[in-house]
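Each chain gets a letter, A, B and so on, in the order the sequences are listed, and its residues count up from 1.
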Amino acid sequence: MSYYAYFVAGWLLLVGCFGIVRSRNLVHAVVSLAIAQSGTYVLLLGVGYQRHATAPVFGSTTKPNLSVVDPVVQALTLTDIVVAATVTALLLALAIQVAKHHDTVDPDQLSALEG
Amino acid sequence: MPNGVPHLLPVIVVVPIVVAALLVAISPHVSRYVVEAVAAATALGIAAVAGVVASQTMHGRVVSWLGGWKPDREHTTVGLVLVADRLSAGLAVLIAVLMTLALVFGWRFFDEVGGHFHPLMLLFLAGMEGFALSGDIFDMFVFFELMGAAAYALTGFKVEDRTALQGGLNFGVVNSLGAYFSLTGIGVLYAQTGQLQLPLLAKAVDERGLSALTVLAFVFVLAGLLTKAAMVPLHFWLADAHAVAPSPVCVLFSGVMVELGLYGAARIYWVVFEKSIPHEVVRQAFVVLGTATAIVGAVMCFLQRHLKRLLAYSTIGHVGLFLVAFAMLDDEGTAGLILYVLGHAGAKSALFLMAGVVLNRYGSVDEIDLFGRGKDARVMPWLFVVAAVALSACPPFGTGLGKDIAETATVKAGYAWLPALFTIVSAVTAAAALRAGLRIYFGLGDVPSEASEDEATSGSEEQPEADLRRVPLTMVVPICVLLAGCAALGVIPGFAEHVGKAAHVFLDRDGYVSQALANTPAASVPHIAGMHWTTLGLALGSTSGVLSIAIAFASLYARRFPAAVRHLSGVVALPVRAVRRVHSGHIGDYVAWFLAGLAALGALIGLPLR
Amino acid sequence: MTRSWRYAIFFVGAGLIAALYVIGVYGMPHFGSTFHPYRDRAVPAAVSHRTANVVSAVNFDQRAFDTLGEETIFFASVIGAAALLRPSKEEREQHSPSQGGHVMASTRFAGYVLLPVTLLVGFDVVAHGHLTPGGGFQGGVVLATGLHLLYVAGRYESLEHFRPVEKFEYGEVTGALAFAGLGFAGMAIGGSFLANVIPFGEFGQLLSAGTVEVFNFAVGIEVSCGVVVLLAHFLRQAILLRGGEASRS
């Protein structure tokens with residue numbers, strides 16, 4: 001149980017790669033890339049977790065203390081999510097234009113860049 | 001150190017962002033010439049500021065802690081740091097200079113450009129500068145992604161061109177995947193050490209020593225960086241992206257973006273992992289991978305008929321040589337690497353700009369289609385020949401001096417066959433470029449038959465960006481500046497000495513850590529021996545130049561050779577055809593090879609350390 | 001390469017990578033361990049600047065340069081998507097009357113009720129970013145997608161009416177410039193780029209944490225306007241543009 005979260009993260013990363021490898025649709029490939037990235041979220045947040053610790057937000061009921069989960073990885077994950085969303089947007093824009101100009105989104109049939 | 005200079009480091013990164021935002025707001029209301037002038041002036045200004053920082057680094061690294069968080073008495077902190085030593089400041093100058101030249105070239109390059117090109121270029125500039133100057137591993141990832149986002153959009157910019165979209169997608173998916181593996185490596189490193197800033201990470205990794213986790217972190221973190229550096233077999237995206245991106249953008253890709261990937265890998269190795277992972281293992285791994293990269297790049301380069309893909313594969317070939325030079329892991333090898341990179345930036349960028357001129361003037365970048373079309377040009381043919389010869393690393397060009405110093409380092413490290421690899425690879429890639437130039441501009445060689453090269457991507461479908469009757473001065477001047485710079489690097493006395501000192505400072509990780517954390521004054525840099533031409537180097541360089549001319553002419557007049565010689569070449573046809581068929585343009589293939597390449601790196605580093 | 005070769009190469013590579021990963025991961029601290037040295041420094045630093053939400057303190061105070069890079073990536077992607085989705089020479093915008101089918105009355109009612117609620121929630125998330133979980137990015141996305149309830153529960157024309165794309169582009173630029181400008185103000189006043197130079201106030205109050213709150217607003221403006229512009233380009237591609245070499249209705 002002590003390493004399960006890390007294995008899930010690694011699994012997501014590799015499954016995302018497999019999705020791109022076997023993909024027959026560019027949109028599916030872009031979404032598989034997003035799945036590979038969600039593996040990194042799981043890893044980062046898993047690294048930051050501490051048992052019996054609270055959220056790193058203090059208020060009237062929680063006085064500042066050190067028994068909180070790691071706030072730094074949460075900040076890193078937030079950055080990571082923004083990066084993912086923006087890269088996905090760019091790649092989907094490219095996929096839309098490919099669909100318009102090539103009349104297909106199947107990577108097997110896109111053969112303009114061989115050799 | 002005067003107080004003002006550390007403040008210039010964030011200025012270098014943020015001012016292009018500010019100007020890009022302003023250009024987005026005002027470009028619908030002003031003429032395109034205002035936008036172009038503002039963009040080029042900004043890039044030139046950043047080059048000047050980076051020059052000031054570079055001159056300050058002669059007295060020690062320039063360190064800038066951001067946000068007001070400085071290291072405390074125990075030398076720990078929560079803040080972010082930007083560090084400029086001689087090499088990264090020099091890279092910052094190179095990036096801005098290439099961007100200025102590309103923007104000046106682009107002045108009359110596009111018929112219509114819309115409001116998006118220049119902001120994207122400036123954001124690309126900001127991303128590269130931030131990556132070069134950063135001193136925190138996650139910050140490097142963030143600016144790596146900024147470089148990537150701008151680059152994907154710039155690659156697919158010509159949306160009416162079918163190949164541009166596919167090239168942009170292949171580039172985007174593979175580079176992003178590499179970046180996510182790097183982020184996984186950063187997460188694993190953070191779990192083990194709890195640090196993100198490079199100096200603190202260095203001390204923490206030292207304390208923990210070598211373990212399977214260290215190897216895992218090293219391999220994963222390098223995944224994204226080596227993908228950007230186009231090491232084989234993580235290199236497939238590069239030819240696709242270069243083939244379709246506008247020529248000013250290709251200048252930046254081949255001249256500095258790919259080299260930044262190698263810089264990032266080298267920086268992370270030297271600062272964080274150098275004391276944990278033994279030098280011999282890293283040297284062996286990168287000599288193997290670098291040699292493979294160089295050979296695949298040279299072979300694929302020679303087979304191309306699409307001018308920009310040809311140049312892209314030649315970049316891959318040179319990246320293989322750069323990897324080998326880095327693998328020597330000493331002052332001399334690194335100094336040779338830096339000089340070779342600078343000279344290559346000059347020659348390759350000039351060649352890409354000339355490819356852009358060819359595309360706009362004659363409507364194609366296909367070497368076979370363009371046979372003899374350029375005979376009426378006056379200046380371009382000779383510039384092309386000079387650039388191809390510069391690419392072959394023959395004296396007196398900067399590429400030759402870099403190759404010379406790197407070869408000396410490889411011989412000293414015990415690899416006596418590496419100078420031969422250097423010479424042959426640079427000769428072959430230059431021969432391909434020379435062959436293309438001689439065919440297009442001089443009409444030399446047998447008339448090529450259409451049926452001969454049907455496996456390759458033809459260059460006749462590229463869309464020109466503008467209609468050119470004469471080549472304007474704004475295009476000729478950047479080309480001449482780049483070639484003159486490349487030549488000057490090999491000739492100016494004392495420059496190589498500076499490069500040697502930059503290499504020494506780059507390898508000095510204890511100095512990096514102590515200057516960043518404790519602000520200790522910089523140690524004076526000793527005199528570095530061997531930063532000059534050697535007789536062996538002059539001989540090998542001239543051989544490379546002569547060999548490239550010979551190979552080019554042999555290829556042009558191949559049909560005149562007796563049948564026996566041509567039958568010999570049939571022997572190598574089978575493996576060559578296999579290598580070529582692997583480059584399929586299919587995104588699934590690229591990802592499969594990415595994982596295989598990462599596994600190879602992991603095996604090369606991990607197995608000897610069991 | 002054929003499919004089977006591709007799979008073969010993939011499985012060999014992935015298998016070796018997985019093996020390396022598994023062996024390496026066993027050296028990591030256990031899931032849920034107490035070893036977090038960076039947290040041990042970040043929490044006191046956040047409290048010293050009177051920021052109740054430590055994640056916001058890390059994002060906008062301690063590692064603000066990363067956040068600057070991140071919002072610049074967002075900005076670059078919006079411009080990049082605009083460049084990639086620009087209409088080609090033959091394409092024209094066409095409004096056809098019966099677009100999108102028929103929306104049920106109950107859906108439209110829910111949309112009208114939820115629109116002001118969502119906008120208010122989004123604004124609250126942005127404004128309290130330094131006190132409660134949330135912040136500029138999260139609130140900005142809520143605001144932007146809240147506006148699109150006009151399209152989801154209504155018609156595309158209603159959305160177009162309330163969403164002049166140019167104004168939103170100016171908003172995005174304003175947010176980006178505000179962030180950078182505040183960073184330079186920190187350099188001028190506090191001696192270091194992105195320094196926290198506004199008085200910190202009382203812990204847990206609305207006006208606390210110094211510049212963290214102002215950065216939050218800048219990012220909130222930029223992200224909300226940016227997402228609106230991004231969705232505008234995608235929606236225009238999907239709904240309006242007709243003509244061109246491969247017209248798909």
Side-chain angles (χ1 to χ4, degrees), chain B residues 7 10 14 17-18 21-22 24-25 65-69 76-80 114 116-117 119-120 123 126 130 138-139 142-143 145-146 149-150 152-153 156-157 159-160 188 191-192 194-196 211-213 215-217 219 581-582 584 586 588-589 591-593 595-596 598-599 602-603 606, chain C residues 1 6-7 9-10 12-17 20-21 23-29 35-38 41-42 45 58 61-66 68-70 72-73 75-77 79-84 86 88-89 166 169-170 172-173 176-177 180 183-184 186-187 190-196:
Chain B
H7 291 290
V14 180
I17 299 176
V18 168
L22 287 170
V24 169
W65 287 96
L66 300 172
W69 300 94
T76 59
T77 177
V78 293
L80 282 176
H116 303 118
F117 182 74
L120 279 172
L123 290 170
F138 187 74
D139 203 35
V142 170
F143 282 101
E145 289 283 37
L146 177 57
Y152 310 153
F157 197 74
V159 286
E160 264 108 50
V188 165
Q192 191 195 24
Q195 314 289 353
L196 288 173
S211 69
L213 192 58
V215 172
L216 169 68
V219 170
R581 195 163 302 143
V582 164
S584 61
H586 189 290
D589 289 352
V591 171
W593 282 109
L595 283 172
L598 203 59
Chain C
M1 271 173 38
R6 193 184 309 150
Y7 285 178
I9 294 175
F10 170 80
V12 167
L16 289 171
I17 296 282
L20 175 63
Y21 185 78
I23 298 174
V25 155
Y26 273 111
M28 284 191 12
F35 175 68
H36 299 289
Y38 205 145
R41 299 196 302 269
V58 173
D61 194 349
Q62 297 166 22
R63 297 181 68 95
F65 199 64
D66 269 355
L68 176 69
E70 169 196 351
T72 309
I73 297 177
F75 187 66
S77 298
I79 302 177
L84 292 172
R86 64 184 190 269
S88 65
K89 295 192 195 76
E166 254 206 17
E169 277 184 352
Y170 290 143
E172 192 191 358
V173 167
L177 290 176
F184 283 119
M187 190 192 283
S192 165
F193 189 67
L194 294 168
N196 197 337

- Task: May I ask you to name which of C/Thr72, C/Leu16, C/Val25 has the most heavy-atom pairs under 4.5 Å with chain B?
- Result: C/Thr72

- Note on the structure: Heavy-atom nearest pair, C/Ser192 first then B/Gly67, reads OG-N, 3.1 Å

- Item | Check: B/Leu216 main-chain N/O paired with C/Tyr21 side-chain donor or acceptor under 3.5 Å | no

- Query: Which heavy atom in B/Ala191 sits nearest to a heavy atom in C/Pro29, and how many Å separate them?
  - Reply: O-CG, 3.2 Å

- Note on the structure: In terms of heavy-atom contacts, C/Leu84 and B/Gly156 come closest through CD2-O, 3.3 Å

- Task: Can you see which heavy atom on B/Val78 is nearest to which on C/Ala45, and at what distance?
- Result: CG2-CB, 4.2 Å

- Message: Checking the side chain of B/Trp69 only, and the main-chain atoms of C/Arg63 only, is there a donor and an acceptor separated by less than 3.5 Å?
- Response: no

- Message: As an exercise: rank B/Leu120, B/Val215, B/Val24, B/Leu196 by heavy-atom pairs under 4.5 Å with chain C and give me the winner.
- Response: B/Leu196

- Item | Contact class of C/Tyr26 relative to chain B, heavy atoms under 4.5 angstrom | neither

- Interchain contact, B/Leu123 with chain C, by part (heavy-atom threshold 4.5 Å): side chain

- Part of B/Glu145 within contact of chain C (heavy atom distance under 4.5 Å): both

- C/Pro37 meets the side-chain contact (heavy atoms from CB on, under 4.5 Å) criterion, sequence neighbours left out, with C/Phe35

- Query: Does the side chain of B/Leu66 come within less than 4.5 Å of C/Leu194's, by heavy atoms?
  - Reply: no

- Quick one: what part of B/Ala149 sits under 4.5 Å from any heavy atom of chain C, side chain, backbone, both or neither? side chain

- Note on the structure: Looking only at C/Ala81, C/Ser77, C/Ala82, C/Ala64, most heavy-atom pairs under 4.5 Å shared with chain B are made by C/Ala82

- Query: If you tally heavy-atom pairs under 4.5 Å against chain B, which of C/Ala76, C/Ala14, C/Gly15 wins?
  - Reply: C/Ala76

- Message: At a heavy-atom distance under 4.5 Å, which candidate from B/Gly79, B/Ala603, B/Gly606, B/Gly588 has the highest pair count against chain C?
- Response: B/Gly588

- Message: Tell me which of these, C/Asn196, C/Val12, C/Asp61, C/Ile23, has more heavy-atom pairs under 4.5 Å with chain B than the rest.
- Response: C/Asp61

- Query: Between B/Ile17 and chain C, which part of the residue has a heavy atom less than 4.5 Å away: side chain, backbone, both or neither?
  - Reply: side chain

- Got a second to check how far B/Leu595's CG is from C/Ile9's CD1, nearest 0.5 Å? 11.0 Å

- Closest-packed option against chain C by number of heavy-atom pairs under 4.5 Å, given B/Ala150, B/Ala25, B/Pro119: B/Ala25

- Query: Given a strict heavy-atom distance threshold of 4.5 Å, which part of B/Val591 is in contact with chain C: side chain, backbone, both, or neither?
  - Reply: neither

- Given that the side chain runs from C-beta out, which part of C/Phe193 has a heavy atom under 4.5 Å from chain B: side chain, backbone, both or neither? both

- Message: So B/Leu146 and C/Phe75, do their side chains get closer than 4.5 Å, heavy atoms only?
- Response: no

- Query: Which atom pair, heavy atoms only, marks the closest approach of C/Gly24 to B/Leu213?
  - Reply: O-CD1, 3.1 Å

- Starting at CG of C/Leu68, measure out to CZ of B/Phe143 and round the result to the nearest 0.5 Å. 6.0 Å

- Least distance between heavy atoms, C/Ala180 atom then B/Val18 atom: CB-CG2, 3.6 Å

- Report the distance from atom NE2 of B/His116 to atom CZ of C/Arg86, rounding to the nearest 0.5 Å. 8.0 Å

- So, the part of C/Leu177 with a heavy atom under 4.5 Å from chain B: the answer is side chain

